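Here is the structure we will look at, set down as structure tokens.
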Amino acid sequence: MIIKSRKFRRSYALAMVAALALSIIPSFSAGVKQADAASNYKIVGYYASWAAYGRAYNVTDIDASKMNVINYAFADICWNGKHGNPDPTGPNPTTWSCQNEAGQAINVPNGTVVLGDPWIDAQKSFGDDKWDDPIKGNLKQLWKLKDKNPDLKTVISIGGWTWSNRFSDVAATAATREVFANSSVDFIRKYKMDGVDLDWEYPVSGGLDGNSYRPEDKQNYVLLLQKIREKLDAAEKADGKDYLLTIASGAGPTYVQNNDLAGIASIVDWINIMTYDFNGSWNKTSGHNAPLYYDTAAATSGLTDPQNFNIDKAVTTYLAKGVPASKLVLGMAFYGRGWGGCPTAGNGQYQVCAGISSTGTWEKGSYDFYDLEANYINKNGYTRYWNDAAKVPYLYNPTNGTYISYDDVQSFDFKTSYLKSKGLAGAMFWETSGDRNKTLLNKLASDLGYAGATPTPVPTATPSATPTPTATPSVTPTPTTSPSATPTPSATPTPGTCTVTAWSSTAVYTGGQKASYNGTIYEAKWWTQGDRPDLSGANGPWKAAGTCGTTSPTPSATPTPTPTATPTPSATPKPSATPTPTATPTPSATPTPTATPTPSATPGASAWAAGVAYKAGDVVTYSGKTYACLQPHTSLAGWEPATTPALWKLK
């Protein structure tokens with residue numbers, strides 16, 4: 001699992017000439033034996049920082065032996081002292097103060113790369129972390145993972161769907177490009193990472209309505225990447241190691257038109273093309289999330305531009321625009337997308353449906369692959385079908401009218417064969433927590449020649465338990481405007497009568513508030529939103545507080561969260577190939593109790609307060625008790641002495 005290094009870099013004018021000649025170049029890490037040809041394929045996996053919250057999927061759960069790059073998602077851009085995106089049309093219209101790894105507000109120039117979620121990135125304690133470790137959290141866990149897997153590279157991914165609002169502003173001037181590039185190098189040095197990945201969604205147009213845009217983005221993006229590469233080159237000489245520069249790119253024709261793909265390719269190490277999210281519930285016609293090829297049956301279905309919205313068209317267009325195949329990494333989805341209220345014609349495929357499905361793993365309409373394995377594929381009324389034109393499977397339940405498009409080992413078999421036939425650099429996937437059984441990861445690793453990979457059996461196109469659909473029916477089903485079925489299941493079932501309001505993925509809960517889920521009453525331990533109570537675990541934000549019918553009603557949600565000094569956003573959506581994603585992010589935050597008890601006076605000590613810069617040895621009172629400060633920090637709501645023994649010691 002070796003990533004080859006760039007021994008020589010060419011200027012833009014020579015880039016396309018250089019791309020025609022392939023030579024053997026040294027391995028990425030000095031002293032590491034050269035791998036065989038097959039193992040030089042890249043397998044790039046995104047790890048979403050918020051997976052370590054309610055989803056209870058930690059860095060330690062990643063099988064790094066079957067990939068060579070982890071893109072950590074996401075860092076953000078500081079602008080006027082804040083980061084985040086207030087766009088009301090976005091899934092998480094919130095901003096936060098820019099902070100360092102200790103959660104302290106920092107004063108930095110516009111365009112500085114900053115931690116997206118300081119708590120989970122660098123403060124949360126895992127396993128054998130010590131209280132006085134300056135950096136803990138997911139970042140330290142990535143260090144440990146690299147210690148066990150010496151060839152593994154970690155890359156910071158900046159932006160994403162929600163946090164692309166300042167890219168155009170950053171790229172617009174030489175001064176802000178300089179700031180961004182310098183801070184990118186500072187970031188990866190400080191947090192011991194191996195590269196930078198830009199996920200700008202999107203230059204010129206697309207993305208959230210409130211994002212900054214300019215026609216000049218097309219040229220400015222190249223200038224920004226050139227500046228980052230310049231700074232990385234200087235850092236390489238000083239540090240004696242190679243640093244990676246990559247981007248996540250859109251797969252549709254608009255992205256191709258709005259970007260200088262050849263110019264970008266001449267600078268970056270590779271491009272992770274997001275060949276998924278071609279279709280979703282933003283279009284009421286049911287289609288395929290990541291079709292490999294164009295299916296002519298989709299032509300009259302009402303889907304958006306099916307001739308262009310498929311993997312083969314995206315890849316061949318990129319190659320025609322001057323992107324070397326050796327710099328193109330194919331995006332793969334570890335999740336599926338669902339529609340509800342789909343008519344039975346065509347087994348739900350290419351039908352006008354009622355809208356998004358009413359079920360999902362973490363939010364409606366989105367299904368992690370491990371969840372599909374456990375609960376949907378040829379189970380619970382869902383039947384697996386195969387589209388032999390698009391080379392992808394799909395599920396349909398005629399009882400509730402739910403249609404789900406997804407990928408499995410059979411479709412991955414076609415896709416890995418395809419990327420090999422095109423001479424592509426490897427595969428990228430979103431994201432690690434979606435494949436907890438490692439079914440899809442094993443398939444990628446096996447197909448791309450990774451030692452120790454466990455081959456995953458490929459199902460036949462027509463399993464015995466699966467009816468055989470025709471990939472391209474002789475008569476294209478005519479979309480109907482009146483669905484014959486309406487989804488009936490609820491995403492959050494609550495059996496029986498309960499006096500406590502049912503948990504809602506969009507509601508905000510603060511410490512002490514209660515919600516019911518599946519007949520059980522749960523109490524929030526701190527601020528939370530979107531963390532499903534039954535999946536919370538011992539270290540999560542919820543604890544069981546009784547059974548429905550045995551507890552008196554308790555207010556269940558705060559309609560509007562109270563801003564705190566250290567909110568911790570966690571759900572910047574994954575890189576997406578279409579400008580209208582449906583996933584609602586799951587923000588996760590630094591524990592924020594609803595009220596701070598007023599301490600009784602203690603001679604010689606002042607009452608603890610948020611926003612104060614405390615030094616080691618300072619004494620405060622809190623809730624009638626006296627505490628001594630153990631390490632310097634600026635206090636924040638949620639870091640009260642009684643709840644943070646790493647910072648305060650009871651006297």
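Throughout, numbering of the chain's residues begins at 1 and tracks the sequence. All values derive from a computational prediction rather than experimental measurement.
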Return the OG to CD1 distance between S49 and I120, rounded to the nearest 0.5 Å.
7.5 Å

Show your working on side-chain hydrogen bond (donor to acceptor under 3.5 Å, both in side chains) between T246 and D269 and close with a plain yes or no.
CA-CA 6 Å; T246 67; D269 290 277; over 6 Å; no

Might you point out which heavy atoms bring N272 and Y46 nearest each other, and give the distance in Å?
ND2-OH, 4.3 Å

Supply the atom-to-atom distance L152 CG to I62 CD1, rounded to the nearest 0.5 angstrom.
8.5 Å

Does a side-chain N-to-carboxylate-O contact under 4.0 Å join R166 and D169?
yes

Whether Y627 and Y622 hold their rings parallel, tilted or perpendicular, with breakpoints at 30° and 60°
perpendicular

Kindly give the heavy-atom pair with the smallest separation between L441 and D435, and that separation in Å.
N-OD2, 2.9 Å

Intermediate values then yes/no, ring pair (Phe, Tyr, Trp, His ring centres under 6.0 Å), Y522 and W503
CA-CA 9 Å; Y522 296 88; W503 173 82; 9.4 Å; no

Minimal heavy-atom distance between P86 and P93, with the atoms involved, is O-CB, 3.7 Å

Count the heavy atoms belonging to other residues, nucleotides or ligands that lie under 6.0 Å from CG of D147, then report whether that count exceeds 12.
yes

Between the OG atom in S125 and the NZ atom in K140, the distance rounded to the nearest 0.5 Å is 8.5 Å

Look up atom CE in M428 and atom CG in D197, then write down how far apart they are to the nearest 0.5 Å.
8.5 Å

Answer yes when D534 and R532 have at least one side-chain N-carboxylate O distance shorter than 4.0 Å, and no when they do not.
yes

Side chains of T89 and D87: is there a donor and an acceptor less than 3.5 Å apart?
yes

side-chain hydrogen bond (donor to acceptor under 3.5 Å, both in side chains) with K144: which of N149, T60, D128?
D128

Please tell me whether Q104 and N100 have a donor and an acceptor in their side chains that are separated by less than 3.5 angstrom.
yes

R229/E236 ion pair, N-O < 4.0 Å:
yes

Mind listing the closest non-hydrogen atom pair of A75 and W163 along with its distance?
O-CE3, 3.8 Å

Please determine, by modelled atom types, if W131 and D133 share a side-chain donor-acceptor pair under 3.5 angstrom.
no

Determine whether S157 and N71 satisfy the following criterion, side-chain hydrogen bond (donor to acceptor under 3.5 Å, both in side chains), listing intermediate values before the conclusion.
CA-CA 6 Å; S157 185; N71 281 4; 5.2 Å; no

With sequence neighbours left out, the residues meeting side-chain hydrogen bond (donor to acceptor under 3.5 Å, both in side chains) with D61 are none

Who are the side-chain hydrogen bond (donor to acceptor under 3.5 Å, both in side chains) partners of E101, not counting sequence neighbours?
K190, Y191

Does V222 reach the side chain of I267, with side-chain heavy atoms less than 4.5 Å apart?
yes

Start with the C-alpha gap between N437 and F369, add the side-chain angles, then the distance that decides, and say whether side chain to side chain contact (heavy atoms under 4.5 Å, CB included) holds.
CA-CA 9 Å; N437 299 322; F369 182 72; over 6 Å; no

Over-ring placement of K124 relative to W119, 6.0 Å and 45° cut-offs:
no

Could D194 and K241 be called an ion pair, given the rule that one side-chain N must be under 4.0 Å from one carboxylate O?
yes

CD1 on I77 to OG1 on T112, rounded to 0.5 Å
10.0 Å

For the residue pair N211 / N85, report whether a side-chain donor-acceptor contact shorter than 3.5 Å exists.
yes

Between D277 and Y335, do the side chains contain an N or O donor and an N or O acceptor separated by less than 3.5 Å?
yes

Could you give me the CA-CA distance, side-chain angles and deciding distance for F334 and F429, then say whether ring pair (Phe, Tyr, Trp, His ring centres under 6.0 Å) is met?
CA-CA 7 Å; F334 279 13; F429 62 86; 4.1 Å; yes

Does the side chain of D121 pick up a donor-acceptor pair with the side chain of Y72 at under 3.5 Å?
yes

Could you list all the salt bridge (charged side-chain N to carboxylate O under 4.0 Å, His left out) pairs where at least one residue sits in residues 174-189, not counting sequence neighbours?
E178-K227, E178-K231, R189-D239

We want to know whether T361 and D371 form a side-chain donor-acceptor pair, criterion being a heavy-atom distance below 3.5 angstrom.
yes

Could you go through the side chain to side chain contact (heavy atoms under 4.5 Å, CB included) check for Q141 and N58 one step at a time?
CA-CA 9 Å; Q141 293 302 303; N58 296 320; over 6 Å; no

For S433 and R55, which I'm curious about, is there any donor-acceptor pair between the side chains at under 3.5 Å?
no

More than 12 foreign heavy atoms under 6.0 Å from NZ of K82: is that the case here?
no

Once you round to the nearest 0.5 Å, how far does OH of Y243 lie from CG of D233?
12.0 Å

